[in-house]
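Computed over heavy atoms, backbone and side chain alike; hydrogens, waters and symmetry mates excluded.
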Amino acid sequence: MKFPKVIQRAIAAETAKAMAAELARRTSAAPADTAGKGAKGPSRDELRVAMGLRIKSLWANHPMHASKSSASLRDWVKKSASAYESLFSQGGSLLAQEYSSEIIELLRPKTVLLRAGARKEVFTGKLNIGRLNGGATAEFVAEGKAPTINKIDTGAVILEGHKLMAIYEPSNDMLRNPSIDSAGMLSDDLLAAMALAADKAGFIGDGTGANPRGIVLQVKDSNKVPGVAITQANLNNVIRFIDTMEQKVKASNLELEGNSPFWTFSSAVESALKALRFENGGFIYRDQLESGKLNGKPVHITESLGDNYFFFGLASQLYFGLDNSTGDIILDMSQPHFAEDLTMVKAISKPDWKLRHNTAFAYSDNVALS
């Protein structure tokens, strides 16, 4: 179902006016890319505005609004057109608000894997990445003797999208507000929920049903390290535990330098490590952790995995795949709860995680704090 032509013409006219006013105040040329951001894609703020604009655009153009009365048409069209006013702006101001558009955000655990430096791969359908599982060997031989013939053992890392969905139902009162910021804040939360679910699956996804297989199911069995109690009385075992985690990855012939090594655990684990002291009273890990490092490697704190998990790994040896066959993120809208004046917004993405080498991470899932 499409808008009646009269409404389409009205929207076009009001949009043209808003855009003309905007262009009269500033040029349409984008500012110089002095920070080099152009090569890296949109910033978080730009993505936020774009997502907010998309949500408001979906709402304004949805067939359920096609029967607006002529008496309220002009006011409705102006509000719809205001969503397009920033088409040529570069992060500029929006229309003045009649009431606050601020939304206090929902606090969520921090995501880790992409921040730590996981490799991003965009594909359509499936992506097969060839891998050598075995290679040539060399040996000394006597004169006239032939060396052992070695066969090349090959395999593949296959990235395949796993459908991830998030849904929320904002009130139409919020979407009628001409501020893009209100929808932008909601899109932030929608994307944050999806990012958190994808990140958690990257670590501990169990591979059942539509879930991807996380790091814990991809690493070599011997790279799972028995946990310890992080207490002062168990100090020597804690030091040995941390060093063992790092040694497991080093022993696989993977270079730490240039592969984005990092640690991940909860804030409760961090606090327990900070409390550990040498016999002379000095803190062992506190100064490092205060600067965001452990054994000289970056630490990423998250609450999403609980207090029993402890990871060390090389982020550059992990693929984050995104099936782009239907776009990075699909946004859709419907109004199943019409009587309650709510609109359902749905987001869909298809991520996957795969290790390049099954020795690139070591982890424990039974760390204790007492």
Side-chain angles (χ1 to χ4, degrees), residues 47 51 54-55 58 106-131 155-170 186-221 223-224 264 266 300 302-306 308-309 311 313 315 317-337 342-358 360-361 363 365:
L47 178 61
M51 289 288 289
R54 175 63 175 151
I55 290 173
L58 281 170
L106 175 66
L107 297 179
R108 296 183 183 274
K110 291 182 178 179
T111 57
V112 172
L113 293 173
L114 287 177
R115 285 193 297 132
R119 299 188 184 204
K120 301 174 188 175
E121 292 286 347
V122 178
F123 59 92
T124 300
K126 285 186 180 182
L127 179 63
N128 290 267
I129 303 170
R131 179 171 65 188
V157 172
I158 301 175
L159 287 166
E160 182 176 9
H162 296 258
K163 190 174 182 179
L164 175 65
M165 294 179 61
I167 294 176
Y168 67 72
E169 283 188 312
L186 290 174
S187 68
D188 274 356
D189 189 61
L190 189 69
L191 292 175
M194 296 184 72
L196 179 60
D199 190 72
K200 186 174 181 179
F203 280 111
I204 59 175
D206 59 13
T208 61
N211 296 305
R213 287 166 52 86
I215 291 169
V216 297
L217 295 184
Q218 296 184 48
V219 298
K220 190 176 179 180
D221 289 343
N223 277 34
K224 180 178 180 181
T264 288
S266 72
H300 294 280
T302 183
E303 310 304 326
S304 67
L305 306 175
N308 301 121
Y309 279 100
F311 284 86
Q317 293 296 316
L318 177 67
Y319 286 119
F320 170 68
L322 191 62
D323 185 348
N324 198 37
S325 57
T326 53
D328 291 352
I329 298 177
I330 303 171
L331 278 178
D332 200 2
M333 182 175 286
S334 63
Q335 197 172 33
H337 297 141
L342 299 174
T343 294
M344 179 179 290
V345 181
K346 176 174 63 179
I348 303 173
S349 185
K350 294 184 177 181
D352 195 14
W353 302 94
K354 284 293 189 299
L355 283 175
R356 299 181 78 245
H357 299 281
N358 64 0
F361 278 77
Y363 81 98
D365 61 1

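Taking every heavy atom of both residues into account, Leu355 and Ala360 meet most closely at CD2-CB, 4.4 Å. Nearest heavy atom pair, residue Leu322 against residue Ser349, reads CD1-OG, 3.2 Å. When all heavy atoms of Asp352 and Pro212 are compared, the pair lying nearest together is OD1-CB, 3.6 Å. In terms of heavy-atom proximity, Ala166 sits nearest to Leu190 at CB-CD1, 3.6 Å. When all heavy atoms of Asn223 and Asn358 are compared, the pair lying nearest together is ND2-O, 4.3 Å. Of all heavy-atom pairs spanning Ala315 and Ala116, the tightest one is CB-O, 3.3 Å.
A donor-acceptor pair under 3.5 Å links the side-chain atoms of Asn211 to the main chain of Thr208, judged by distance alone.
Rounded to the nearest 0.5 Å, atoms CG (Leu164) and NZ (Lys350) are 11.5 Å apart. Atom NZ of Lys126 sits about 7.5 Å away from atom CG of Asn128, to the nearest 0.5 Å. Atom CD in Glu160 sits 7.5 Å away from atom NZ in Lys354 (nearest 0.5 Å).
Evaluation of the side-chain hydrogen bond (donor to acceptor under 3.5 Å, both in side chains) rule for Gln218 yields no partner, not counting sequence neighbours. Checked against side-chain hydrogen bond (donor to acceptor under 3.5 Å, both in side chains), Ser266 has the following partners two or more places apart in sequence or in another chain: Asp307. The salt bridge (Lys or Arg N to Asp or Glu O under 4.0 Å) check on Asp365 picks up Lys224, with sequence neighbours excluded. In this structure Thr124 satisfies the side-chain contact (heavy atoms from CB on, under 4.5 Å) test together with Ser325, sequence neighbours excluded. Not counting sequence neighbours, Asp199 has no partner by the salt bridge (Lys or Arg N to Asp or Glu O under 4.0 Å) test. A search for salt bridge (Lys or Arg N to Asp or Glu O under 4.0 Å) contacts involving Lys200 returns nothing, not counting sequence neighbours. With sequence neighbours excluded, the residues that form a side-chain hydrogen bond (donor to acceptor under 3.5 Å, both in side chains) with Thr302 are Ser304. Residues satisfying the side-chain hydrogen bond (donor to acceptor under 3.5 Å, both in side chains) test with Glu303, not counting sequence neighbours, are Ser267. Scored by the ring-ring contact (aromatic ring centres under 6.0 Å, His included) test, Tyr309 finds Phe311 as partners (sequence neighbours excluded). Residues passing the ring-ring contact (aromatic ring centres under 6.0 Å, His included) test with His162, sequence neighbours excluded: none. Residues passing the salt bridge (Lys or Arg N to Asp or Glu O under 4.0 Å) test with Lys346: none are found, sequence neighbours excluded. Contacts of Phe123 classified as ring-ring contact (aromatic ring centres under 6.0 Å, His included), with partners at least two apart in sequence or in another chain: none.
For the pair Val112 and Leu305, the minimum side-chain heavy-atom distance is 4.5 Å or more. The closest side-chain heavy-atom distance from Gln317 to Arg119 is below 4.5 Å.
When Phe320, Phe203, Phe361, Tyr319 are each tested for a ring-ring contact (aromatic ring centres under 6.0 Å, His included) with Trp353, only one passes: Phe320.
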